[in-house]
There are 2 protein chains.
Amino acid sequence: MAEAVNIKRLAQELNISIATVSKALNDSYEISLKTKNRVWTLAKELNYTPNPAASNLRSHKTKTVAVVIPCVANNFFSLSIKGIEEIARQYGYHVLIYQTHENIEAEVSFTNSLLNGRVDGILTSVSSSEYNSEYYTNLVKKIPLVFFDRVYENLDAVKVTTDDYEIAFQATEHLIECGCTKIAYLYGLENLPAGKARFAGYLDALKTHGINAGDQLVVKYQDDEELNLQHIKELLRNYKPDALFSSIEEFIIPAYCACREMDLKIPNDVKVLSFSNLSTAKLLSPSLTTITQPAFEIGREAAKSLFKILNNKQLDDEQNIILKSMLIKRESTGC
Amino acid sequence: MAEAVNIKRLAQELNISIATVSKALNDSYEISLKTKNRVWTLAKELNYTPNPAASNLRSHKTKTVAVVIPCVANNFFSLSIKGIEEIARQYGYHVLIYQTHENIEAEVSFTNSLLNGRVDGILTSVSSSEYNSEYYTNLVKKIPLVFFDRVYENLDAVKVTTDDYEIAFQATEHLIECGCTKIAYLYGLENLPAGKARFAGYLDALKTHGINAGDQLVVKYQDDEELNLQHIKELLRNYKPDALFSSIEEFIIPAYCACREMDLKIPNDVKVLSFSNLSTAKLLSPSLTTITQPAFEIGREAAKSLFKILNNKQLDDEQNIILKSMLIKRESTGC
DNA sequence: TTTAATTACGTAAACGTTTTCGCCTAGCTG
DNA sequence: CAGCTAGGCGAAAACGTTTACGTAATTAAA
């Protein structure tokens with residue numbers, strides 16, 4: 001908008017060539033300290049900042065990454081983004097946000113649109129609607145990509161996940177120790193490894209303790225709050241479980257509401273436990289026992305891995321980074 | 001990464017000039033429909049997408065906007081971003097995210113770094129640490145900028161806000177109707193118009209009903225959860241208010257905890273009401289009466305205004321868009 | 001002293017678009 | 001038939017960087 005201040009302008013005022021200015025700005029070894037200082041001070045004086053488009057066009061580096069996630073308005077993802085953004089600041093990267101709304105077509109469309117050099121890399125937590133392994137197999141060959149939490153397996157890419165199986169196993173044992181023998185499962189993310197692992201942890205814990213699992217005790221998540229409420233009420237009415245194990249945060253409100261509407265007291269009549277990053281879990285009525293994933297840390301780790309790749313740093317041995325979740329026991333499982 | 005597919009390539013394969021391809025892709029009137037169709041089909045066939053850097057460098061348009069906010073891990077802001085991102089998709093814009101962590105220097109540094117053509121416009125909700133009107137007075141001259149919720153006044157820029165004064169007045173009256181006469185105020189955003197308006201609404205409602213306000217009944221927000229808890233406990237101990245009016249969500253947890261620790265029953269001993277976008281307000285113990293801002297709508301409206309400006313569309317008369325918040329009465333004010 | 005190596009800088013091409021301007025042809029007007 | 005107009009397209013410059021390569025001056029090695 002104002003008089004353009006670019007490299008050419010700096011070069012003219014200092015009576016040196018454009019190339020020298022560029023190299024000085026990039027702290028090249030070819031330029032003497034004296035010249036560098038002249039350039040730097042004038043640049044600061046004129047408030048010069050390089051034009052990103054020009055720089056990117058020539059150098060094929062954007063210093064920008066994309067975050068492709070289902071939705072930002074979710075405690076887990078907003079915390080992840082917070083972590084990603086903080087690391088990005090440290091590394092001098094910019095962060096683009098794309099929401100898929102659990103729609104695989106949107107997901108594919110977004111990521112495809114990022115392959116023309118708009119970003120240097122992608123951080124993603126994939127949508128739960130479908131598992132399109134083939135697409136991602138090709139994608140990871142085209143651009144540096146790091147998965148977090150909701151990942152695709154058996155791909156040549158870094159994955160940051162949590163101990164879903166173990167913590168679900170542990171949480172189920174907690175319910176059993178509290179005396180539950182008829183534990184219902186509120187099933188989310190069933191197409192994804194994370195969802196399957198949680199369910200497997202649940203099933204194996206039951207088996208270990210000689211408890212029969214039953215399909216009737218499983219409610220699958222629908223993208224409709226009212227429907228989930230109905231299903232949980234039917235579950236409670238027809239099969240009278242003594243515990244609800246919710247594998248995703250989205251089941252909390254319908255679960256609590258269902259219990260209230262059916263006049264079932266938590267934890268006396270039915271115990272409740274959920275995966276969740278809800279900050280107010282301890283203020284609920286009754287306070288909710290949660291499995292809490294380190295969402296912020298997951299974002300940080302995923303971002304760190306991506307930036308290491310982009311800076312051609314050696315990745316410490318492993319492509320699979322697994323962080324620990326926490327089982328936080330509260331009143332809703334009361335024991 | 002693969003064989004570059006660019007305009008030049010398309011031109012060669014079709015035996016036409018680069019200029020013609022470019023114009024065809026941009027649906028220019030200069031090009032015949034026949035040629036356009038040839039270009040479009042080949043472009044689709046080769047999976048061509050224009051290089052954003054080159055396009056931006058030449059055209060000075062980035063199709064990108066920046067969102068500068070205090071923090072994404074906050075129900076209000078994550079909902080706003082959700083709204084912004086949805087509108088951005090519709091208009092074909094990309095969204096960059098920057099978190100200031102309520103730090104004015106970070107805020108200034110980020111926005112300055114966006115003036116070199118990285119983005120076409122900025123959406124921002126400013127930090128509460130300081131009110132640096134002068135900086136923004138200059139900024140709005142340099143780049144299209146839309147404020148939402150946390151705004152600077154008297155600037156030539158669109159502002160999307162809510163009816164803070166009116167709803168705070170109304171909420172205070174609600175507490176008075178419930179029989180409260182000693183209403184404490186948990187004061188956040190005191191440097192910003194939004195914070196001041198809420199406080200003014202509170203004060204005026206008290207005055208209207210002949211109730212004296214007192215400085216002792218006001219607790220100001222600190223960026224330290226433990227400290228806020230202490231201050232609220234001291235408030236409750238020393239001045240025994242019969243209601244807590246919280247002007248920001250961050251006070252909810254310390255307020256509830258303070259009441260519990262001091263063995264005060266909500267709403268019998270003390271009523272509680274807060275500005276909040278917490279989805280689980282109705283599940284708290286007891287359920288929380290809230291003033292809920294239309295965060296998602298605010299994001300959408302702010303984004304729409306910005307894109308109208310960027311597309312040189314006439315703005316419908318007004319620079320001030322004011323949306324209505326909702327007072328949702330629940331058990332915590334029980335009456 | 002001669003030669004090689006090193007330092008410090010400049011020239012110019014390249015990145016992939018958009019856009020101005022001009023050219024050619026065909027069709028129309030008078 | 002001359003002269004115009006308009007439609008359709010191409011040549012080339014420009015956007016602001018980065019970088020391969022060349023070169024002159026200085027220093028080090030022989």
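These numbers come from a predicted model, not from an experiment. Labels below follow one simple rule: chain letters A, B, ... track the order of the sequence lines, proteins then strands, and each chain is numbered from 1.
Across the interface with DNA chain D, nearest-nucleotide mapping of Lys36(B) and Lys8(A) shows Lys36(B) to be the residue nearer the 5′ end.
Considering only side-chain atoms of Ser17(A), the nucleotide from dT17(C), dT19(C), dT11(C) that sits closest is dT11(C). The side chain of Ala54(A) approaches dG16(D) more closely than any other nucleotide in the set dC21(D), dC9(D), dG16(D). Among the nucleotides dA12(D), dT17(D), dC9(D), the one closest to the side chain of Ile7(A) is dT17(D). The side chain of Asn51(A) has dG16(D) as its nearest neighbour among dG10(D), dC9(C), dG16(D). Closest to the Glu30(A) side chain, of the nucleotides dG16(C), dT18(D), dC21(D), is dC21(D).
A close approach under 4.0 Å does not occur between any side-chain nitrogen or oxygen of Thr35(B) and OP1 or OP2 of dG8(D). Between dC9(D) and Thr20(B), no contact under 4.0 Å exists linking OP1 or OP2 to a side-chain N or O. Checking the phosphate oxygens (OP1, OP2) of dC15(D), no side-chain nitrogen or oxygen of Ser59(B) falls inside 4.0 Å. In terms of phosphate contacts, Ser55(A) brings no side-chain nitrogen or oxygen within less than 4.0 Å of OP1 or OP2 of dT17(D). Residue Ser22(A) places at least one side-chain N or O closer than 4.0 Å to OP1 or OP2 of dT18(D). At least one side-chain nitrogen or oxygen of Tyr48(A) sits closer than 4.0 Å to the OP1 or OP2 atom of dT17(D). Taking 4.0 angstrom as the limit, Asn26(A) places a side-chain polar atom (N or O) nearer than this to OP1 or OP2 of dT18(D).
Under the 4.0 Å criterion applied to side-chain N and carboxylate O atoms, Asp120(B) and Lys61(B) are not assigned as salt-bridge partners. We find that Arg150(B) and Glu102(B) are joined by a salt bridge, their nearest charged nitrogen and carboxylate oxygen being less than 4.0 Å apart.
In this pair, Tyr152(B) and Tyr136(B) present their aromatic rings perpendicular. The plane angle is above 60°, beyond the 30 to 60° band.
The CG-C1' distance, from Asn6(A) to dG16(D), rounds to 6 Å in whole Å. Straight-line distance from the CD1 atom of Ile16(B) to the C1' atom of dC24(C): 17 Å, rounded to whole Å. Here the C1' atom of nucleotide dA8(C) and the NZ atom of Lys34(A) are 12 Å apart, to the nearest Å. Following rounding to the nearest Å, Arg9(B) (CZ) and dT17(C) (C1') show an atom-to-atom distance of 17 Å. The nearest whole Å value for the distance from the CG atom in Asn116(B) to the P atom in dG16(D) is 12 Å. Between the C1' atom of dG16(D) and the CZ atom of Arg118(B) lies a distance of 14 Å, rounded to the nearest Å. One can place CG of Leu10(B) at 12 Å from C1' of dT17(C), the figure rounded to the nearest angstrom. Atom NZ of Lys61(A) and atom P of dC15(C) are 16 Å apart (whole Å).
In this structure, the side chains of Phe76(A) and Gln293(A) come closer than 4.5 Å at one or more pairs of heavy atoms.
Scanning both residues, Thr62(A) and Arg118(B), for their nearest heavy atoms gives O-NH1, 4.2 Å.
Taking only distance into account, the side chain of Arg58(B) never meets the base of dT17(C) through a donor-acceptor pair shorter than 3.5 Å. Counting distance only, with no hydrogens placed and no angle test, the side-chain atoms of Lys23(A) and the base atoms of dG10(C) include a donor-acceptor pair under 3.5 Å.
Within 6.0 Å of the CG atom in Asp223(A), the count of heavy atoms belonging to other residues, nucleotides or ligands does not exceed 12.
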